[in-house]
Amino acid sequence: MSPTSGNQRIYLSPPHLDGREKELMLAAFDSNWITTMGPDVELFEQEMCRKLDVGHAVALSSGTAGLHLALLVLGVGPGDEVICSDLTFAATVNAVKYCGAHPVLIDADPSTWNMDPGLLEEELSARERAGRSMPRAILPVDLYGQCADYTAILAIAARYGIPVVEDAAEALGAEMGGTPAGGFGAMGVLSFNGNKIITTSGGGMLVSNEASFVARARHLATQAREPVVHYQHVEVGYNYRLSNILAAIGRGQLERLEEKVRKKREVNRYYREALGGLPGIEFMPEAPYGKSNCWLTAILVDADRFGVDREGIRLALERENIESRPVWKPMHLQPAYRDCRFRGTGAGERIFERGLCLPSGAQLRLTDLERIVGVIAGAGRPRS
Ligand SMILES: *Cc1c(COP(=O)(O)O)cnc(C)c1O
């Protein structure tokens, strides 16, 4: 037995169900609405619209399904190109591939870790000068709960007449300039996967102020079934709707969103205060233009100054039964996406090599945080 076997495992971002989730789910169960339509699906969509101050929403089986549908709604098809954040989870670019289109990868801005607007502008102006075709859409990610710089990105996109889809899968509850994450661009996509800030175990939502976009996504998500009594299909559809039982869980989760954001920001502040003074440890910057939901707190480790690298810290935490995770590996370094066009400075790669995501659950107790911080501080070089 290891000396730490009595220590309960601390996970990166486990589900946190502390509201009316069970009550709402059992009510849905008892009502026999155990299908992909029902009152909870509609209420979940309406409640999300109110929370995000958007006009329309469709609940889906996953965030990835939402990204796929958003691109289809914009008419993205075989051979098209879609500009994406390079530093992201693979789901962002997978959705582009599902359309038969090609991702064009834009590197991260080191001051936000999100799509670098300067590089986006460079890519579009270079295309214009070369007479190259323009991308069909721009798909920025709100990394780890921080909005991309939409003031800059939306202005550039408007200048070139290219629609923006916001991958807000990690950012529900964040905001920028008073606009909630998910509300930027033509459409926004949320995820309710098990480790996201709110969860339905698996699920997602597409939101937009444009009614026709959401109506079209809803149609494609329900096997593109025409509104006639016999089953009539004019085009190929998908089975992408959220179950009513899961929507009931989502409603209970959504009621507690502000509290989860508050707790996650508190966790972030604790880490900054406890670790920020250590040599060689830096934090993912919080951009001055917005408020992150702090879905995951991420640090950068300078091995020369700290004494061990981020993998050394990760292994030290793992030995104490604490889960942590390297920052997403940039897509241009992934075998599946190596051949994509990439415009970058190496910023994302440097963040990946040094970056580590720390346990960030909203239910972390002070004793958990002390335990985590103690292991990290102890992993560094003893100061002489
Ligand atoms: C989680 C995530 C997704 C996909 O959401 P699922 O609900 O898991 O399909 C998409 N993009 C990003 C950036 C994510 O973190």
Side-chain angles (χ1 to χ4, degrees), residues 11-15 36 44 48 57-72 82-99 103 105-108 112-115 137-148 150 153 164-174 181-182 184-185 187-207 217 221 238-243 246-247 249-250 253-254 264 284 292-298 325-331 334 336-337 348 351-352 355 357 360:
Y11 290 98
L12 192 71
S13 182
T36 52
F44 190 30
M48 188 65 79
V58 55
L60 301 166
S61 54
S62 72
T64 311
L67 293 169
H68 185 194
L69 291 174
L71 296 174
L72 291 174
V82 174
I83 290 196
C84 300
S85 298
D86 179 52
L87 186 60
T88 184
F89 178 52
T92 313
V93 287
N94 285 345
V96 175
K97 283 287 186 186
Y98 298 165
C99 300
L105 304 167
I106 301 288
D107 207 349
T112 63
W113 295 17
N114 282 317
M115 181 184 285
I138 301 171
L139 182 45
V141 173
D142 300 335
L143 199 76
Y144 298 136
Q146 167 152 280
C147 288
Y150 289 107
I153 290 172
V164 171
V165 173
E166 180 186 4
D167 182 347
E170 303 177 358
L172 178 62
F184 296 95
M187 281 166 274
V189 174
L190 309 166
S191 167
F192 315 126
N193 200 334
N195 66 7
K196 296 286 160 56
I197 190 161
I198 74 166
T199 185
T200 57
S201 76
M205 206 176 283
L206 183 151
V207 301
Y238 302 85
N239 181 7
Y240 275 172
R241 293 307 308 273
L242 184 70
S243 140
L246 300 184
I249 298 175
Q253 287 268 281
L254 191 59
K264 279 188 182 267
M284 173 181 179
S292 172
N293 70 4
C294 293
W295 171 56
L296 294 183
T297 289
R325 185 201 280 159
V327 163
W328 301 129
K329 182 173 181 173
M331 288 304 120
Q334 303 283 359
Y337 289 99
I351 292 169
F352 165 64
C357 298
S360 304

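Start at 1 and go down the list; that is how both ligands and their atoms are numbered.
Residues Pro15 and Gln253 form no side-chain contact, since every pair of their non-hydrogen atoms from C-beta on lies 4.5 Å or further apart.
For Thr297, the side-chain hydrogen bond (donor to acceptor under 3.5 Å, both in side chains) partners at least two apart in sequence or on another chain are Asn268.
Other residues, nucleotides and ligands contribute only 12 or fewer heavy atoms inside 6.0 Å of the OH atom of Tyr11.
Residues with a heavy atom under 4.0 Å from ligand 1: Ser62, Gly63, Thr64, Leu67, Thr88, Phe89, Ala91, Thr92, Val141, Asp167, Ala169, Glu170, Ser191, Asn193, Lys196, Gly203.
Aromatic ring pairs are classed by plane angle as parallel below 30°, tilted from 30° to 60° and perpendicular above 60°; the pair Tyr144 and Trp328 is parallel. Below 30°, between 30° and 60°, or above 60°: for Phe192 and Phe44 the angle between ring planes is between 30° and 60°, a tilted geometry.
Checked by atom type, the side-chain pair Asn114/Tyr150 shows no donor-acceptor distance below 3.5 Å.
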